[in-house]
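Only one structure is covered here, and it is reproduced in the block below.
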Amino acid sequence: MQVTLKIFRYDPEKDKKPHYDAFKMEAEPTDRVLDLLEKAKGYQDGTISFRRSCAHGVCGSDAMRINGMNRLACKTLVQDLGVNKITVEPILGLPILKDLIVDMEPFFDNYRAVTPYFINDEPAPAKERLQSPEDRERFDDTTKCILCGACTTSCPSFWANDQYLGPSAIVNAHRFIFDSRDKGAAERLAVLNDLFGVYRCHTIFNCTLACPREIQITQAIGEVKKAIATGKLD
Amino acid sequence: MALKRNVGLLEGLKYRGGGPMLAWLLHRISGLGILVFVGLHILAAFLTQQFGSDAGIFINIIYESWAFQIFIFFCVLFHAINGLRIIILDLWPALLEYQREAIWLEWFVFIPIFGLAVFVIFSGSLGG
Amino acid sequence: MKTHQFEVIVVGAGGAGLMAGLYASKTAKTAVISKLYPTRSHTGAAQGGIGAALGNEEEDRTEWHTYDTVKGSDYLGDQDAIEFMCEEAPGIVYELEHMGLPFSRTAEGRIAQRPFGGHTNNETGVPVRRACYAADRTGHMILQTLYQQCVKNNVTFFDEFQVLDMIVVNGKAAGVVTIELATGELHVFHAKAVIFATGGYGRVWEITTNAYANTGDGIAITLRHGIPAEDMEFFQFHPTGIYKMGILITEGVRGEGGVLINDKGERFMAKEEYAPHVKDLASRDVVSRAMYLEMKNGLGIGGKRYLYLDVRPETVNKYAALDGRTNPDGTPYTVTADDILSRLPDIIDFCKTYLGVDPVVDPMPVQPTAHYAMGGIPTNVKGEVVIDKKNTVMPGVYAAGETSCVSVHGSNRLGTNSLLDLVVFGKQAGVNAAEYARGTDFQPLPADPAGPAREQLARLRNSSGAERISTIGTEMKAVMFDHVGVFRTEAGMTEAVEKIRELKERFKHIRLDDRGTVFNMELLNAWELGNLLDIAEVTAVSALTRRESRGAHARDDYPERNDKKWMKHTLAWLQEDGVKLDYKPVTFTKYEPKVRVY
Amino acid sequence: MRSRTVPQRGLNFEYLMWLFTRLSGLGMYILALVGVVSALVMGARTQMDMATLMRWTFMPNPSHVASSDIVNLDAWANAFWQIMGMLIVFFAGTHGLNGLRVVIEDYIGSTWLRPVLRGLIFLIWLFMIIVAVYVILAS
Ligand SMILES: Cc1cc2nc3c(=O)[nH]c(=O)nc-3n(C[C@H](O)[C@H](O)[C@H](O)COP(=O)(O)OP(=O)(O)OC[C@H]3O[C@@H](n4cnc5c(N)ncnc54)[C@H](O)[C@@H]3O)c2cc1C
Ligand code: HEM
Ligand code: SF4
Ligand code: F3S
Ligand code: FES
């Protein structure tokens with residue numbers, strides 16, 4: 001089938017204002033949007049710039065707005081979109097460096113703010129720390145995060161203000177808060193129980209719909225809110 | 001130089017969120033709407049009561065118009081129903097899995113009540 | 001141009017690079033440089049598991065792991081290194097667990113383990129549960145956990161800095177030259193020790209499980225500095241990649257009981273000529289070759305170039321019963337659709353997303369896909385790079401992970417041994433580089449350390465031909481997949497070598513559209529293509545010269561393993577006039593070469 | 001499954017307002033329910049139109065009954081309804097102005113403006129409550 005790929009263009013060395021370029025090409029319904037971008041870059045205009053690596057939705061490089069919604073270009077097939085006019089734009093709420101490439105630093109700053117690492121200062125046993133399959137299951141959903149940023153940059157609260165830690169950071173805090181082996185929950189909850197923590201989340205749900213890993217993000221945030229309210233972690 | 005991050009209102013509205021994003025927008029608008037209404041109401045009552053002021057009556061006329069009534073009823077009803085949804089989900093986050101159904105249910109409750117109220121307002125204000 | 005100074009530089013932030021960075025930074029001033037954000041590294045794609053003889057699910061021993069690895073390597077692995085790795089394995093897996101890695105768990109709360117190809121109970125010959133896993137996201141969890149630990153320990157990162165060159169002074173490492181993607185500016189990192197952990201080069205082939213970023217930069221850079229590449233002809237083709245796309249379907253699927261089926265509906269791996277004992281869980285080279293032969297004999301599905309991988313519960317249960325497979329407690333092994341779903345969630349997601357196939361309901365179309373480089377930068381057990389057949393160490397240069405060749409995988413890697421290799425030798429490289437740095441001084445930087453790198457880029461940028469890099473890349477991938485793939489022939493490989501040389505010539509006449517400096521990805525993709533072409537040439541020539549079949553290197557014209565002539569590692573140098581080869585002996589401890597049957 | 005708890009948790013302003021928003025939301029439901037049920041019991045079913053009933057429900061002030069057919073205001077104008085009225089105003093005013101604060105702080109984040117706006121909203125809140133209490137008591 002014939003598709004038109006409309007790409008958001010901005011070259012800081014040339015352009016004052018962004019514009020869109022359209023590329024026509026042949027595509028299979030099973031082509032990924034990433035394949036189309038590669039084709040456009042490879043055979044029509046080499047200056048198109050975007051990030052990508054794994055090409056199958058596990059590295060988190062290529063979150064972008066595709067037909068108005070955050071997705072991974074490598075996990076969106078032409079047939080999923082149901083139309084043959086495809087518009088790709090950079091994710092919202094982060095500075096645009098070039099074309100589809102945005103500055104992810106504010107995003108990672110927020111990630112680092114929630115102490116996203118295992119904390120347990122007790123001496124480790126000779127073998128593994130035990131954990132029942134149920135306790136392991138408790139935080140399974142949020143271990144899947146690939147830090148693609150699709151959620152945070154779909155959140156109107158984050159658009160309003162990038163001091164809001166954002167769903168991704170909360171997801172990564174959740175992953176440890178509910179890990180029965182971890183001892184740092186109080187510390188993390190203190191960060192999230194704050195002006196720029198969970199209170200900036202208004203259950204808008206865009207994050208959950210955008211997550212390519214199908215993490216129940218709003219639910220995770222809700223669980224964190226509840227943990228703050230009740231002081232219980234079960 | 002990087003393009004700034006500011007997300008304009010239009011750009012934000014263009015984002016294809018789902019039902020919950022619309023619900024949030026309406027919740028926000030309706031909350032602020034009621035706030036304005038309550039504020040004006042108290043002010044109007046105060047002004048008429050104390051000074052028999054024209055300003056108070058003027059305000060009264062505005063919010064007694066049928067259009068304003070429909071608007072404010074929309075706000076109150078939507079805000080109350082949606083607010084309840086949010087509170088319930090806060091209590092049982094696990095229910096967030098049924099978010100889609102919750103939104104459906106919400107409109108399912110909202111539309112008949114609102115329709116009825118609109119009917120009453122119209123039949124009242126136009127008929128009488 | 002900016003200059004920075006660190007004692008140890010780690011190039012690459014995958015599993016190997018992060019582990020090295022984590023350990024080196026404990027005692028030396030360390031920076032980790034990566035062209036991708038660390039969590040984008042391809043280690044995150046690894047699915048099935050990391051091997052360690054913990055014996056959590058059933059009896060297992062380190063010696064069995066060692067022997068299986070030696071056998072899996074088709075006896076080309078260096079046995080001292082393999083012993084070391086397998087002995088370190090349990091400890092390092094516990095260490096990962098202590099870092100918080102969320103492994104799946106057994107009912108007793110221990111790390112869960114599953115069977116994987118080539119891993120057996122040496123006494124009974126039955127597949128053993130040795131792969132420690134976190135559903136089918138083991139690599140993801142390792143990468144995230146190591147990155148988290150680096151954040152915790154304040155490791156210094158330079159993200160989206162691409163290393164273009166190594167600085168060598170007096171035959172010792174003196175640093176690296178990098179380009180900052182965001183600005184196009186060159187940065188020189190002055191260092192005492194450099195650790196390469198740049199991952200694989202699967203992008204040489206058309207159908208591959210590897211990421212766009214897997215372009216073998218580390219190997220290409222070291223080749224340019226006169227360091228040889230070892231055993232490049234051994235490249236693993238994974239049996240089960242999604243048809244046409246190459247996306248990996250983990251061997252864990254077969255570990256859970258999935259079977260390969262041909263057009264006649266036969267479970268062909270059970271055939272006498274393939275692997276009558278362990279069947280679908282034979283090592284990867286054996287399975288890929290069997291699949292190739294089936295397809296060649298017209299038994300591909302509908303005569304096409306794919307077969308079915310079937311993990312529907314009814315199929316699994318049928319064959320598990322036929323095989324008499326049991327649970328650790330002796331009860332017959334059965335699965336339900338929910339079991340499959342909970343153990344292989346991502347695989348199911350991939351199939352649904354990319355094929356519209358639900359593996360619990362329909363079988364998956366699969367074909368062998370380029371997967372893993374056994375070869376790479378030669379190192380010893382300490383992670384030090386060795387540059388000749390006498391294993392002379394090049395001071396200050398280290399390598400770890402898929403880019404290195406220790407060699408623990410010999411001519412064929414067993415599943416789960418790569419993640420193990422990353423963490424074990426990543427740690428070694430980190431510890432030893434830091435120690436080396438403490439005992440040595442900085443080499444003086446040359447007058448213009450970034451000169452050669454700048455020249456390389458300028459050549460690409462100013463080249464004014466008409467060739468598109470995408471065309472050259474596509475042609476290279478096609479010829480390598482067709483002729484230096486699962487099965488190889490003299491004629492095919494000769495053709496490939498010629499074609500690569502032609503492409504290298506054409507590569508001199510490319511034309512780039514992007515003249516900018518900010519995120520000039522086209523320029524860097526061109527530079528990476530140059531690396532791939534170099535590596536393709538080295539690979540094809542090494543393969544053409546090895547006249548035997550061993551492990552992943554299978555030849556039509558020399559179908560047998562020839563221990564007399566070829567029990568040796570290939571060393572390949574890239575020179576102006578082509579590839580120069582030499583060989584070095586394999587280290588043996590106690591395992592004598594035997595015929596390999598599964 | 002073992003139940004874990006978090007030892008110290010900061011009861012900060014942000015948290016308290018979050019909780020208050022939810023509790024007052026529920027509170028307003030209850031108050032409105034009491035208002036509407038009582039009104040019906042007191043004769044609104046036959047003597048009041050919809051709009052007036054609604055108005056009473058959300059602000060049980062006798063002046064809202066004035067325009068209806070109800071003549072005897074005794075049951076509608078007593079201390080109980082004055083307290084109800086004040087509670088509703090307190091809940092709605094606090095909930096609503098805090099909501100306004102939340103909306104504003106969503107957009108401005110942490111700047112020098114924040115304390116200024118907080119102060120302003122607090123003053124409006126104070127003014128609103130005082131005026132409302134005055135109106136309720138005076139009518
Ligand atoms: C799909 C898939 C599944 C797999 N499953 C398993 C499994 O189940 N078990 C197992 O044991 N093994 C598995 N493997 C193999 C294993 O995952 C890889 O071999 C391993 O992850 C490689 O890790 P690494 O650290 O060496 O490199 P990578 O993780 O690839 O990291 C390379 C790093 O180097 C950086 N880099 C590269 N070039 C440059 C440059 N020029 N400048 C700066 N930085 C650079 C990159 O940014 C990246 O950070 C799998 C592999 C694949 C592809
Ligand atoms: C039954 C009555 C009500 C219920 C159940 C209710 C519920 C809620 C809830 C749960 C919130 C929080 C939303 C969030 O965190 O995203 C909220 C916000 C808000 N409410 Fe109410 N509310 C009610 C009445 C009112 C009234 C009477 C007013 C006005 C005076 C009001 C004004 C607001 C405002 C301005 C917000 C902030 C909106 C935002 O943050 O987007 N509410 N309400
Ligand atoms: S939670 Fe989902 S959308 Fe958000 S960063 Fe993680 S994977 Fe991406
Ligand atoms: S979109 Fe934003 S407001 Fe909350 S539910 Fe998601 S974080
Ligand atoms: S390229 Fe890795 S997630 Fe899309």
Side-chain angles (χ1 to χ4, degrees), chain A residues 93 106 110 120 130-139 155-166 173 176-204 221-234, chain D residues 1-32 90-126 128:
Chain A
N110 289 355
N120 186 337
L130 298 182
Q131 182 171 54
S132 70
E134 298 76 43
D135 280 346
R136 168 65 180 77
E137 185 57 30
R138 179 64 191 85
F139 63 101
C155 175
S157 253
F158 181 80
W159 300 338
N161 186 348
D162 68 359
Q163 284 168 303
Y164 169 37
L165 291 174
F176 290 101
I177 291 171
F178 292 94
D179 185 337
S180 61
R181 302 167 297 167
D182 183 272
K183 302 279 185 224
E187 210 173 301
R188 286 185 204 100
L189 287 179
V191 176
L192 296 174
N193 182 9
D194 183 70
L195 187 61
F196 300 115
V198 293
Y199 303 115
R200 297 262 80 76
C201 168
H202 308 297
T203 46
I204 298 170
I221 299 175
E223 287 167 3
V224 172
K225 286 179 185 163
K226 198 174 169 196
I228 291 173
T230 63
K232 288 208 191 68
L233 293 179
D234 41 23
Chain D
M1 214 196 316
R2 187 170 55 102
S3 179
R4 295 190 307 143
T5 50
V6 213
Q8 83 272 35
R9 86 195 125 102
L11 294 179
N12 57 31
F13 175 70
E14 211 62 45
Y15 166 69
L16 292 172
M17 287 323 289
W18 180 83
L19 200 64
F20 178 81
T21 301
R22 305 230 158 214
L23 293 180
S24 59
L26 288 177
M28 284 186 277
Y29 259 97
I30 294 170
L31 295 178
F90 173 73
F91 276 174
T94 316
H95 175 113
L97 280 171
N98 176 62
L100 180 65
R101 176 190 69 85
V102 170
V103 174
I104 291 174
E105 286 178 5
D106 269 357
Y107 292 96
I108 63 166
S110 198
T111 65
W112 58 271
L113 254 178
R114 192 159 60 92
V116 175
L117 285 167
R118 277 192 178 188
L120 206 66
I121 289 174
F122 177 75
L123 289 179
I124 296 176
W125 176 77
L126 208 63
M128 184 168 163

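Residue numbers begin at 1 in each chain, while the letters A, B, ... track the order of the sequences. These figures come from a predicted structure and were not determined experimentally.
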| said: So for A:Phe158, is it side chain, backbone, both, or neither that comes closer than 4.5 Å to the heavy atoms of chain D? | reply: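 Neither part.
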| request: Enumerate by number any residue of residues 92-107 of chain D whose heavy atoms lie under 4.5 Å from heavy atoms of chain A; in the absence of such residues, state 'none'. | output: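 Listed by number, the contacting residues are D:Val102, D:Glu105, D:Asp106, D:Tyr107.
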Measure the [atom1]-[atom2] distance between [X] and [Y] for me, rounded to the nearest 0.5 Å.
X	Y	atom1	atom2	value
A:Asn193	D:Glu14	CG	CD	8.5 Å
D:Trp18	D:Asn12	CH2	CG	12.0 Å
A:Ile177	A:Leu189	CD1	CG	4.0 Å

| So, do A:Arg138 and A:Asp179 sit near enough that their side-chain heavy atoms are less than 4.5 Å apart? | no
| query | Have A:Tyr199 and A:Asp194 got a donor and an acceptor in their side chains that come within less than 3.5 Å? | reply |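 Per modelled atom types, A:Tyr199 and A:Asp194 side chains form no pair under 3.5 Å.
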| request: Side chain from CB out, backbone as N, CA, C, O: work out which of these in D:Arg22 comes under 4.5 Å of a heavy atom of chain A, or both, or neither. | output: neither
| field | N/O donor-acceptor pair under 3.5 Å between A:Asn110 side chain and A:Tyr164 backbone | value | yes
| query | With sequence neighbours left out, what residues match A:Phe178 under ring pair (Phe, Tyr, Trp, His ring centres under 6.0 Å)? | reply | A:His174
